[in-house]
Amino acid sequence: MIPVLIIEGPTASGKSALAMAMAESLGSHIISADSRQVYKYLDIGTAKPDQTDRERVKHHFVDFLEPNQAYNAGAFVQAAGEIISGLHYQGLVPVICGGTGLYIRSLLEGLCKLPPIPAVVREELIGELGSRSLAELHEELNQVDPVSAGKISSNDKQRIVRALEVYRYTAKPLSQHWQEQNPPQSYRAFRILIAPPRELLYSRIDSRLDQMLSQGLIEEIKAVLQMGYSAHDPGLNSVGYKEFIPFLQGEQSLGEALLLAKQHSRNYAKRQMTWYRKQTFDLTILSSDFNLSDINRLLSDKLNPSEGL
RNA sequence: GGCGAGAUAGCUCAGCCGGUAGAGCAGAGGCCUGAAAAGCCUUGUGUCCCCAGUUCGAUUCUGGGUCUUGCCA
């Protein structure tokens, strides 16, 4: 089993600082499990590691897609698996760090084997919604894949469309694909969660947004829009970006946009915390005020079990 | 000062031709199998601005206040 260090936590909890410290002390690389830092040009609002950090520690999966390119858990699992094996071959313990819980869970628990589904299939489904109701689509899913239909809310357009596109393209229900899931690559993971008390986290989120603004977030968004990317592209459809579009179009004040961006970041952090409650961690720390040597000791206990056992 | 408009949940507002009220957002809790910074679910007792009148009954009608707001001066 390949040993890995995983650092998770809600937005603004201080994951990156811990990851940097650990990667340096292990002499290893950081694998970013973050669905937004993958995009070029979106630096300030995604709190990407800066140049200095990236010179000190090699970061993977940061800054390599255009803002209109799709990315997903499957792509992450595939690519991350390769990097992890490569590092392991060099005798390094990778530091996986990020707030996209689904990516990390998928990496650890595996995904079902599915071919990439062409975007047209989804576009067609969405087009059908012009003349058919969501309820009808849900019913169609119920006919071909009752197991999935039973688990998906009849209001959950995103998941109904997903289950249907899988069925239409592969002619096999999504639920069946899951039954035939391959055993996941297994890692010996040391999982750390940084979970600051809510009040503290919320105030850190608020001040981080203020900081981003003074670092030039607005200019960054303007520049990306000028390159021709749209607010609907996956990159800009992110908390801390989408809220400022109405302001840039003169429909809202900066103050209102800022308030919304903060609010949505807090909502996001809350959802992350709910997700983490279902995950198990080897170590949960309450603040970014961590003790490196304690962590290193626990880490080596877990990753290098003593021969005495 | 004149003529209007408004005052209802933390916020923005809907509603009641008279029978004590409801959405969105926020907040709280939860879900989550290739869009996950996404998507979805659950959760709403508040002097319906104040006073008086009409009425079996007023948040709803009438009168008078108070405050806010628009236009004109």
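In this structure, the side chain to side chain contact (heavy atoms under 4.5 Å, CB included) partners of A:Leu298, at least two apart in sequence or on a different chain, are A:Phe190, A:Leu283. Taking the salt bridge (charged side-chain N to carboxylate O under 4.0 Å, His left out) definition, one finds that A:Arg271 meets it with nothing, sequence neighbours left out. Applying the side chain to side chain contact (heavy atoms under 4.5 Å, CB included) test to A:Lys151 and every residue at least two apart in sequence or in another chain returns A:Val147. Residues passing the side chain to side chain contact (heavy atoms under 4.5 Å, CB included) test with A:Thr284, sequence neighbours excluded: A:Leu193, A:Ala195, A:Phe281. Taking A:Gln249 as the reference, A:Ile245, A:Glu251 meet the side chain to side chain contact (heavy atoms under 4.5 Å, CB included) condition, with sequence neighbours excluded.
If you measure from atom CG of A:Leu259 to atom P of B:U12, you get 13 Å, rounded to the nearest angstrom. Going from atom CD1 of A:Ile152 over to atom P of B:C32 covers 12 Å, rounded to whole Å. The interatomic distance linking A:His232 (NE2) with B:G39 (C1') rounds to 17 Å, in whole Å. Residue A:Ile245 contributes atom CD1, which lies 18 Å from atom P of B:A37 at whole-angstrom precision. Atom CG of A:Leu236 and atom P of B:A38 are 13 Å apart (whole Å). As a whole-Å value, the separation of A:Glu256 CD from B:U12 C1' is 11 Å.
Nucleotides B:A23 and B:U43, compared at atom P, are 11 Å apart to the nearest Å. Comparing B:C3 with B:A21, their C1' atoms are spaced 33 Å from each other, to the whole Å. Across the P atoms, B:C32 and B:A14 are found 39 Å apart, a figure rounded to whole Å. B:C51 and B:U59 have their C1' atoms separated by 15 Å, with the value rounded to a whole Å. For the C1' atoms, the distance linking B:A38 with B:U20 amounts to 42 Å, nearest Å.
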Using a 3.5 Å cut-off and no angle test, enumerate the donor-acceptor pairs between side-chain atoms of residues 17-26 of chain A and protein atoms at least two apart in sequence or in another chain.
unit_1	atom_1	unit_2	atom_2	d
A:Glu24	OE1	A:Arg56	NH2	2.8
A:Glu24	OE2	A:Arg56	NE	2.9
A:Glu24	OE2	A:Arg56	NH2	3.4
A:Ser25	OG	A:Met22	O	3.4
A:Ser25	OG	A:Asn296	ND2	3.4

Please output the side-chain donor-acceptor pairs of residues 111-129 of chain A that fall under 3.5 Å, not counting sequence neighbours, one pair per line with the distance.
unit_1	atom_1	unit_2	atom_2	d
A:Arg122	NE	A:Glu165	OE1	3.0
A:Arg122	NH2	A:Glu165	OE2	3.0
A:Glu128	OE1	A:Arg132	NH1	2.9
A:Glu128	OE1	A:Arg168	NH2	3.1
A:Glu128	OE2	A:Arg168	NH1	2.7
A:Glu128	OE2	A:Arg168	NH2	3.4

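With RNA chain B read from its 5' end, the first of the two nearest nucleotides for A:Gly240 and A:Lys113 is the one closest to A:Lys113.
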Output one line per pair: protein atom, nucleotide atom from nucleotides 40-43 of chain B, and distance, for all N/O pairs under 3.5 Å.
unit_1	atom_1	unit_2	atom_2	d
B:C41	OP1	A:Asn155	ND2	2.7

Can you check nucleotides 26-28 of chain B for protein contacts, nitrogen or oxygen pairs under 3.5 Å, and list what you find?
unit_1	atom_1	unit_2	atom_2	d
B:A26	OP1	A:Asn267	OD1	3.2
B:G27	OP1	A:Asn267	ND2	3.2
B:G27	OP2	A:Asn267	ND2	2.6
B:A28	OP1	A:Arg198	NH1	2.9

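In this structure, A:Arg36 reaches the B:A36 phosphate: one of its side-chain N or O atoms is under 4.0 Å from OP1 or OP2. For B:A35, the OP1/OP2 oxygens have no side-chain nitrogen or oxygen of A:Ser35 closer than 4.0 Å. Taking 4.0 angstrom as the limit, A:Tyr103 places a side-chain polar atom (N or O) nearer than this to OP1 or OP2 of B:A36.
The residue A:Tyr241 sits apart from the nucleic acid: no heavy atom pair falls under 4.0 Å.
Taking the six-membered ring where the residue is Trp, A:Phe76 and A:Tyr103 present parallel rings, their angle staying beneath 30° rather than reaching 60°.
Scanning RNA chain B for stems, defined as runs of 3 or more consecutive Watson-Crick or G-U wobble pairs whose donor-acceptor distances all fall under 3.5 Å, gives the following ranges: B:1-7 with B:66-72, B:10-13 with B:22-25, B:27-31 with B:39-43, B:49-53 with B:61-65.
The list of side chain to side chain donor-acceptor pair (under 3.5 Å) pairs with a residue in residues 80-93 of chain A, not counting sequence neighbours, reads A:Gln78-A:Glu82. Sequence neighbours left out, the pairs with a member in residues 221-235 of chain A that pass side chain to side chain donor-acceptor pair (under 3.5 Å) are A:Glu66-A:Tyr229.
Among B:A37, B:G39, B:G34, the nucleotide with an atom closest to any side-chain atom of A:Gln37 is B:A37.
In this structure, CD1 in A:Ile205 is found 6.0 Å from OG in A:Ser265, a value given to the nearest 0.5 Å.
For A:His60 and A:His29, the distance between ring centers is under 6.0 angstrom.
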